[in-house]
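The structure appears below as structure tokens.
What you see is a predicted model; the values in this text were computed from it and never measured. Below, chain A is the first sequence line, B the second, and so on; all start at residue 1. Quick note: numbers below take in every heavy atom, side chains included, and nothing from hydrogens, waters or symmetry partners.
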Number of protein chains: 2
Amino acid sequence: MDAKTIYHEILKESNLSATRFRINTLKEIDMAGRPISRNELMEKLGSNTDRVTLYRNLQGLCDAGIIENVDPEGSGYFVMKYGKKAHTQHHLHFECTACKKLYCIHEIVGDISKIPTGFNVKSFYLLAKGTCEACSTKT
Amino acid sequence: MDAKTIYHEILKESNLSATRFRINTLKEIDMAGRPISRNELMEKLGSNTDRVTLYRNLQGLCDAGIIENVDPEGSGYFVMKYGKKAHTQHHLHFECTACKKLYCIHEIVGDISKIPTGFNVKSFYLLAKGTCEACSTKT
DNA sequence: ATGTTTTTTGCAACATAGTTGCATTTTCTA
DNA sequence: TAGAAAATGCAACTATGTTGCAAAAAACAT
Ligand SMILES: [Mn+2]
Ligand SMILES: [Mn+2]
Ligand SMILES: [Zn+2]
Ligand SMILES: [Zn+2]
């Protein structure tokens with residue numbers, strides 16, 4: 001039996017069983033410190049990780065409000081919802097097409113209040129793509 | 001041999017062969033008047049349309065600057081780049097999760113100039129999701 | 001702690017989306 | 001209208017995402 005971690009607490013508060021799979025998943029997402037993709041998560045958890053279980057758990061953790069998918073179009077980028085940096089206000093995410101990292105750009109925020117009436121807004125995303133500094137300066 | 005259309009002209013200007021497939025594709029995109037999805041395009045062109053050829057042509061037409069993919073994450077939404085309504089400035093696109101239509105919301109625009117230096121921006125998108133008026137008021 | 005119930009996991013099978021290579025057909029050019 | 005160049009259609013493949021179910025793990029009550 002493993003020692004209790006903060007992830008046990010987080011899961012218990014949301015009435016989710018503290019399974020090894022969930023603990024490890026949350027640990028990796030929290031460690032990353034930036035939104036992490038499904039594929040990167042898959043690598044960190046071990047390539048033998050079951051794809052279905054990962055999908056189901058990421059969905060469940062999103063539903064519970066523990067993590068957030070900040071780019072739900074493609075294959076998703078996940079981040080702890082209540083981590084160090086506030087991730088509440090809608091801000092820009094920059095995806096590097098070379099290294100696939102997703103950066104939070106807090107300088108650019110969105111204002112959904114100007115959307116015309118009639119539209120029932122459920123979600124709102126600002127997304128930019130290109131290459132990050134590290135990848136741009138590579139030969 | 002069919003009569004020449006404006007689409008022949010457009011393609012010739014970009015040094016692309018005026019094939020029946022491209023003419024029909026451009027015609028449907030132009031008719032739609034709003035960004036149209038791959039699946040909708042597939043239906044309009046006939047369900048026997050070759051998927052590979054559609055992918056290759058949409059990509060080619062984007063590369064040539066004739067059309068634009070305003071939502072390149074999921075499966076893409078395509079629009080004529082130089083149609084009636086100017087589609088030059090970055091503005092919000094609203095995708096209805098019920099009817100799958102994509103609406104242009106010109107009231108909300110993006111300003112990429114505030115992205116910190118170091119990031120090499122290639123594309124920039126504002127996307128909202130929810131239900132449109134028509135779908136929201138259905139029982 | 002032990003047995004019982006409930007939840008989660010892992011697997012197989014399936015579905016959809018997108019890519020690659022190549023032979024055939026169409027379009028362009030002279 | 002013949003030859004060269006480009007595009008198309010098809011088969012096969014990879015990647016991504018979903019569903020149902022039996023086995024395993026976790027939670028719960030005693
Ligand atoms: Mn962020
Ligand atoms: Mn638009
Ligand atoms: Zn990068
Ligand atoms: Zn709708």
Side-chain angles (χ1 to χ4, degrees), chain A residues 1-5 7-28 36-43 45-64 66-67 69 71-78 95 97 100 129, chain B residues 1-5 7-28 36-43 45-64 66-67 69 71-78 95 97 100 102:
Chain A
M1 179 106 300
D2 292 335
K4 297 269 182 294
T5 66
Y7 307 114
H8 284 83
E9 304 299 324
I10 293 172
L11 289 167
K12 183 153 276 182
E13 275 177 34
S14 293
N15 291 316
L16 290 179
S17 310
T19 67
R20 187 174 302 175
F21 200 107
R22 287 194 184 123
I23 304 289
N24 289 341
T25 302
L26 284 181
K27 201 180 294 182
E28 291 303 340
I36 186 175
S37 71
R38 274 204 181 92
N39 287 340
E40 200 176 346
L41 212 36
M42 199 76 170
E43 283 175 29
L45 291 170
S47 55
N48 55 329
T49 302
D50 184 63
R51 226 170 61 257
V52 179
T53 306
L54 183 57
Y55 273 98
R56 284 198 272 229
N57 274 310
L58 288 174
Q59 186 59 54
L61 292 168
C62 283
D63 291 347
I66 296 171
I67 64 172
N69 183 356
D71 184 12
E73 295 291 278
S75 196
Y77 280 88
F78 302 87
E95 182 184 354
T97 54
K100 309 295 180 194
K129 293 193 175 199
Chain B
M1 180 107 298
D2 291 336
K4 297 269 181 297
T5 67
Y7 307 114
H8 285 83
E9 305 298 325
I10 293 173
L11 290 166
K12 184 155 274 181
E13 275 178 34
S14 293
N15 291 316
L16 290 178
S17 309
T19 67
R20 187 174 303 174
F21 200 107
R22 286 194 185 124
I23 304 288
N24 289 341
T25 303
L26 284 181
K27 201 180 294 182
E28 292 302 342
I36 185 175
S37 71
R38 274 206 182 91
N39 287 341
E40 202 176 344
L41 213 34
M42 198 76 170
E43 282 175 29
L45 291 170
S47 56
N48 55 329
T49 302
D50 185 63
R51 226 169 64 255
V52 178
T53 307
L54 183 57
Y55 272 97
R56 285 198 271 228
N57 274 309
L58 289 173
Q59 185 59 54
L61 292 168
C62 282
D63 291 346
I66 296 171
I67 64 172
N69 183 356
D71 185 13
E73 295 292 278
S75 197
Y77 279 89
F78 302 88
E95 183 184 354
T97 54
K100 309 296 181 195
L102 195 83

Exercise for the section: Can you sort out the partners of N39(B) under side chain to side chain donor-acceptor pair (under 3.5 Å), two or more places apart, ordered by chain and number? Expected result: none

Exercise for the section: Identify, with sequence neighbours excluded, every residue that meets side chain to side chain contact (heavy atoms under 4.5 Å, CB included) alongside R56(A). Expected result: V52(A)

Exercise for the section: Look up atom CZ in R22(A) and atom CG in N57(A), then write down how far apart they are to the nearest 0.5 Å. Expected result: 5.0 Å

Completion exercise
Note: H8(B) and A18(B) closest approach over all heavy atoms is CD2-CB, 3.6 Å

Exercise for the section: Please state how far atom CG in N48(A) lies from atom P in dT9(C), giving the value in whole angstrom units. Expected result: 14 Å

Problem - Letter per nucleotide, 5' to 3', of nucleotides 13-18 of chain D [B base touched, S only sugar-phosphate touched, - untouched; heavy atoms, 4.0 Å] - result: ---SBB

Handout entry: Smallest separation among heavy atoms of F21(B) and D50(B), with atom names
Key = CZ-O, 4.2 Å

Handout entry: Terminal axes of the helix from dA1(C)-dT30(D) to dA30(C)-dT1(D) (five pairs each): angle between them, nearest 10 degrees
Key = 40°

Exercise for the section: Could you please name the option among dT8(D), dA26(D), dT8(C) that lies closest to any side-chain atom of T53(B)? Expected result: dT8(D)

Completion exercise
L11(A) CG to dT7(C) P, in whole Å, measures 16 Å

Problem - Atom-to-atom span, CG of D50(B) to C1' of dT20(C) - whole angstrom - result: 13 Å

Handout entry: Between P of dG18(C) and CD of Q59(B), the distance in whole Å
Key = 12 Å

Handout entry: R56(B), nearest nucleotide to its side chain (from dA7(D), dC22(C), dT9(C))
Key = dC22(C)

Practice task
Could you tell me whether the phosphate oxygens of dT8(D), OP1 or OP2, come under 4.0 Å of any side-chain nitrogen or oxygen in N57(B)?
Solution key: yes

Handout entry: Sub-4.5 Å side-chain heavy-atom contact between E28(B) and N24(B)
Key = no

Handout entry: Nearest-Å distance for atom pair CG/P, residues N15(A) and dT8(C)
Key = 11 Å

Handout entry: N24(B) CG to dG9(D) C1', straight-line distance once rounded to whole Å
Key = 16 Å

Handout entry: Closest contact, heavy atoms only, Y77(A) versus E95(A)
Key = OH-OE2, 3.3 Å

Exercise for the section: In whole angstrom, give the distance that lies between atom CD1 of I23(B) and atom P of dA6(D). Expected result: 18 Å

Problem - Heavy-atom side-chain proximity of I66(B) to L16(B) below 4.5 angstrom - result: yes

Problem - Distance, rounded to the nearest Å, where R22(A) contributes CZ and dA25(D) contributes P - result: 15 Å

Are there any protein N/O atoms within less than 3.5 Å of an N/O atom in nucleotides 28-30 of chain C, and if so, which ones and at what distance?
unit_1: dC28(C); atom_1: OP1; unit_2: A18(B); atom_2: N; d: 2.9

Practice task
Could you tell me the separation between the CG atom of L45(A) and the CG atom of L54(A), rounded to the nearest 0.5 Å?
Solution key: 6.5 Å

Problem - Partners meeting side chain to side chain donor-acceptor pair (under 3.5 Å) with E43(A) (sequence neighbours left out) - result: none

Practice task
Indicate yes or no: at least one non-hydrogen side-chain atom of L58(B) is less than 4.5 angstrom from one of L41(B).
Solution key: yes

